[in-house]
There are 2 protein chains.
Amino acid sequence: MENTAVNTKDKILDISQDLIQKRGFNAISFQDIADLVGIKKPSITHHFASKEVLGIAVVQRYRETFATALNRLTNDESVSARDALNFYFTPYQDLGETGDKICLCASLAGEFMALPIDMQKEVALFFNDHLAWLEEILVKGQKLGEFNFTEKPKDLAHLFVDALQGALIVQRATQNFSQLDRIIRTLTVKLKS
Amino acid sequence: MENTAVNTKDKILDISQDLIQKRGFNAISFQDIADLVGIKKPSITHHFASKEVLGIAVVQRYRETFATALNRLTNDESVSARDALNFYFTPYQDLGETGDKICLCASLAGEFMALPIDMQKEVALFFNDHLAWLEEILVKGQKLGEFNFTEKPKDLAHLFVDALQGALIVQRATQNFSQLDRIIRTLTVKLKS
DNA sequence: GTCTATACAAAGATAGAC
DNA sequence: GTCTATCTTTGTATAGAC
């Protein structure tokens with residue numbers, strides 16, 4: 001999940017993502033992005049034809065970065081279900097520590113009806129990716145005796161995604177930055193085998 | 001939680017709230033509001049001096065409406081903890097059924113860093129109100145033997161708020177509209193005494 | 001209390017020089 | 001690939017008539 005761009009195009013993507021996670025898509029402008037990248041406003045157009053095109057690129061990259069990381073975990077037989085789940089929490093924990101950023105897709109989902117349709121599709125894919133991955137991990141962990149729970153795996157996967165995304169949103173607003181860690185503990189305690 | 005305004009000022013508040021719940025604060029304009037209210041754009045200024053003033057009024061009213069309803073439940077001795085909790089779910093369920101709206105404060109919290117400071121404060125108060133109320137109800141239900149759970153009431157209150165808010169956000173994006181009801185069931189099953 | 005008219009700034013986007 | 005210059009639209013806000 002590193003963002004250390006060398007070329008301008010990636011810098012634009014990095015800074016746009018950062019700004020959206022802080023303020024949302026509709027509250028940022030080419031001017032904001034250009035200022036932080038260190039170029040002039042119209043130069044962005046050379047890399048991304050429109051704000052919509054830029055927005056789509058940002059979400060797509062974000063979703064694919066997660067998909068790749070999650071698939072790697074699932075395919076690696078040496079990684080236990082519990083380790084995989086713990087690894088899943090780390091990006092949320094990193095976001096929580098920033099104090100001013102939430103998940104890109106939570107930010108976009110908050111203004112969902114004001115998004116271009118192609119951005120909406122990417123956001124939906126992101127959540128569905130995560131729900132499916134979590135369900136798979138929970139089933140795997142249950143089968144191998146790592147987890148012990150009575151809920152349906154699908155319901156528990158929903159609970160995890162909703163609670164984690166909600167926790168980041170709520171804790172940023174309330175400035176109560178221990179909340180995410182507490183939620184993670186509350187969620188995982190129920191998996192004790 | 002009814003919104004059937006008779007005067008223009010309340011109509012502006014109602015429509016603004018509705019639009020923010022759908023699209024967020026930064027994505028809406030006086031023009032959008034005026035069109036739906038059926039007046040001209042500058043007429044809004046007569047009722048609310050600025051967009052910020054309007055925004056503050058919308059959140060404040062929203063927060064106070066909830067606070068009043070929740071306090072009524074807490075003060076009414078004839079209402080059991082379980083009934084109070086079930087009543088707490090109904091606004092979320094109503095929102096879930098719209099298919100395109102989320103909690104006003106979740107929408108605002110998603111673009112938190114792009115909000116005027118006084119709107120931020122109102123949003124924070126809203127969440128803290130709900131967290132405190134839920135904790136109180138959980139403690140009460142536990143004492144009276146209505147609920148049976150092992151988590152700390154504060155942690156469970158966090159889980160409820162985060163999961164409910166998260167569920168509305170995620171289900172709107174994924175168009176999977178059974179998710180909120182499933183989350184509510186998942187959450188309440190753990191309270192079975 | 002609502003309107004028309006307008007001011008002013010900022011938005012996204014394009015053209016064309018370098 | 002980045003710039004300056006410019007276009008067009010839209011945003012919030014104000015002035016003043018009715």
Side-chain angles (χ1 to χ4, degrees), chain A residues 4-20 22-61 107-108 110-111 113-120 122, chain B residues 4-20 22-61 107-108 110-111 113-120 122:
Chain A
T4 42
V6 287
N7 60 44
T8 303
K9 187 164 186 170
D10 288 337
K11 263 187 212 163
I12 294 170
L13 286 172
D14 290 349
I15 285 170
S16 300
Q17 178 183 324
D18 183 86
L19 285 175
I20 296 170
K22 285 174 183 157
R23 298 162 43 191
F25 184 67
N26 285 296
I28 68 168
S29 67
F30 277 9
Q31 191 65 63
D32 299 325
I33 300 163
D35 288 347
L36 286 166
V37 174
I39 55 176
K40 296 297 174 181
K41 190 170 63 159
S43 302
I44 298 175
T45 314
H46 179 261
H47 301 281
F48 301 97
S50 69
K51 195 187 177 190
E52 175 175 343
V53 168
L54 170 58
I56 294 168
V58 171
V59 211
Q60 207 163 54
R61 186 184 68 152
S107 182
L108 295 173
E111 52 187 342
M113 308 308 290
L115 292 183
I117 183 82
D118 286 335
M119 290 186 71
Q120 290 186 345
E122 283 294 327
Chain B
T4 41
V6 286
N7 60 41
T8 304
K9 187 163 185 170
D10 288 336
K11 262 188 213 164
I12 294 171
L13 287 171
D14 290 349
I15 285 170
S16 299
Q17 178 182 324
D18 183 85
L19 284 175
I20 296 170
K22 285 174 181 157
R23 299 163 41 191
F25 183 66
N26 285 295
I28 68 169
S29 67
F30 278 8
Q31 190 64 66
D32 300 324
I33 299 164
D35 289 346
L36 286 167
V37 174
I39 54 175
K40 296 297 174 183
K41 193 168 59 162
S43 301
I44 298 176
T45 315
H46 179 261
H47 301 280
F48 301 97
S50 68
K51 196 186 175 189
E52 175 174 343
V53 168
L54 170 58
I56 294 167
V58 171
V59 212
Q60 208 163 54
R61 187 184 66 152
S107 182
L108 295 173
E111 52 186 343
M113 308 309 289
L115 291 183
I117 184 81
D118 285 335
M119 290 185 71
Q120 291 185 345
E122 283 294 327

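In what follows, every chain begins at residue 1, and chains take the letters A, B, ... in the order their sequences are listed. The structure presented is a predicted model; accordingly, all values stated were derived computationally and were not measured.
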Any N/O pairs under 3.5 Å between the protein and nucleotides 13-17 of chain C? List them or say none.
from, atom 1, to, atom 2, distance (Å)
C/dA13, OP2, A/Lys51, N, 2.8

**Asked** Could you state the NE2-P distance from A/His46 to C/dC18, rounded to the nearest angstrom?
**Response** 18 Å

**Prompt:** Does a nitrogen or oxygen in the side chain of A/Ser43 sit under 4.0 Å from OP1 or OP2 of D/dG1?
**Reply:** no

**Message:** Just the rounded figure in Å: distance from P of C/dA11 to NZ of A/Lys40.
**Reply:** 14 Å

**Prompt:** Do A/Asp10 and A/His47 have side-chain heavy atoms sitting under 4.5 Å apart?
**Reply:** no

**Gap between atoms NE2 and P, on B/His47 and C/dG1 respectively (whole Å)** = 6 Å

**Prompt:** Given the rule in the side-chain contact (heavy atoms from CB on, under 4.5 Å) test, do A/Ile33 and A/Ile39 qualify, once you have shown the distances and angles that lead to the verdict?
**Reply:** CA-CA 9 Å; A/Ile33 300 163; A/Ile39 55 176; over 6 Å; no

**Request:** Output, in order, the C-alpha distance, side-chain angles, deciding distance and verdict of side-chain contact (heavy atoms from CB on, under 4.5 Å) for B/Thr8 and B/Ile44.
**Result:** CA-CA 9 Å; B/Thr8 304; B/Ile44 298 176; over 6 Å; no

**Prompt:** Counting only side-chain N and O atoms of A/Ser29, is one of them less than 4.0 Å from OP1 or OP2 of C/dA10?
**Reply:** no

**Message:** Rounded to whole Å, please give me the gap between CG in A/Asp35 and C1' in C/dA10.
**Reply:** 13 Å

**Request:** Say whether, by atom type as modelled, one donor and one acceptor occur between the side chain of B/Asp32 and the main chain of B/Ser29 under 3.5 angstrom.
**Result:** yes

**Prompt:** From A/Ser16 OG over to A/Leu36 CG, what is the distance, rounded to the nearest 0.5 angstrom?
**Reply:** 9.5 Å

**Asked** If you fit an axis to the five pairs at each end of the helix from C/dG1-D/dC18 to C/dC18-D/dG1, how big is the angle between those two axes, to 10 degrees?
**Response** 10°

**Asked** Mind checking whether A/Asp18 and A/Asp14 have side chains closer than 4.5 Å, heavy atoms only?
**Response** no

**Request:** Round to a whole Å and report the spacing from CD of A/Gln31 to C1' of D/dT10.
**Result:** 17 Å

**Spacing between B/Ile33 atom CD1 and D/dG11 atom P, to the nearest angstrom** = 11 Å

**Asked** Which part of the nucleic acid does A/Ile28 contact within heavy-atom distance under 4.0 Å: base, sugar-phosphate only, or nothing?
**Response** sugar-phosphate

**Item:** Length of the CG-C1' vector between A/Leu19 and C/dA11, whole Å
**Value:** 16 Å

**Request:** For A/Lys11, check salt bridge (Lys or Arg N to Asp or Glu O under 4.0 Å) against everything at least two apart and list the hits.
**Result:** none

**Request:** Could you grab the distance from atom CZ of A/Phe48 to atom NZ of A/Lys9, nearest 0.5 Å is fine?
**Result:** 5.0 Å

**Item:** Atom of B/Glu111, atom of A/Arg23 and distance for their closest heavy-atom approach
**Value:** CB-O, 3.5 Å

**Asked** Atom CG of B/Asn26 and atom C1' of C/dA11: how far apart are they, to the nearest Å?
**Response** 13 Å

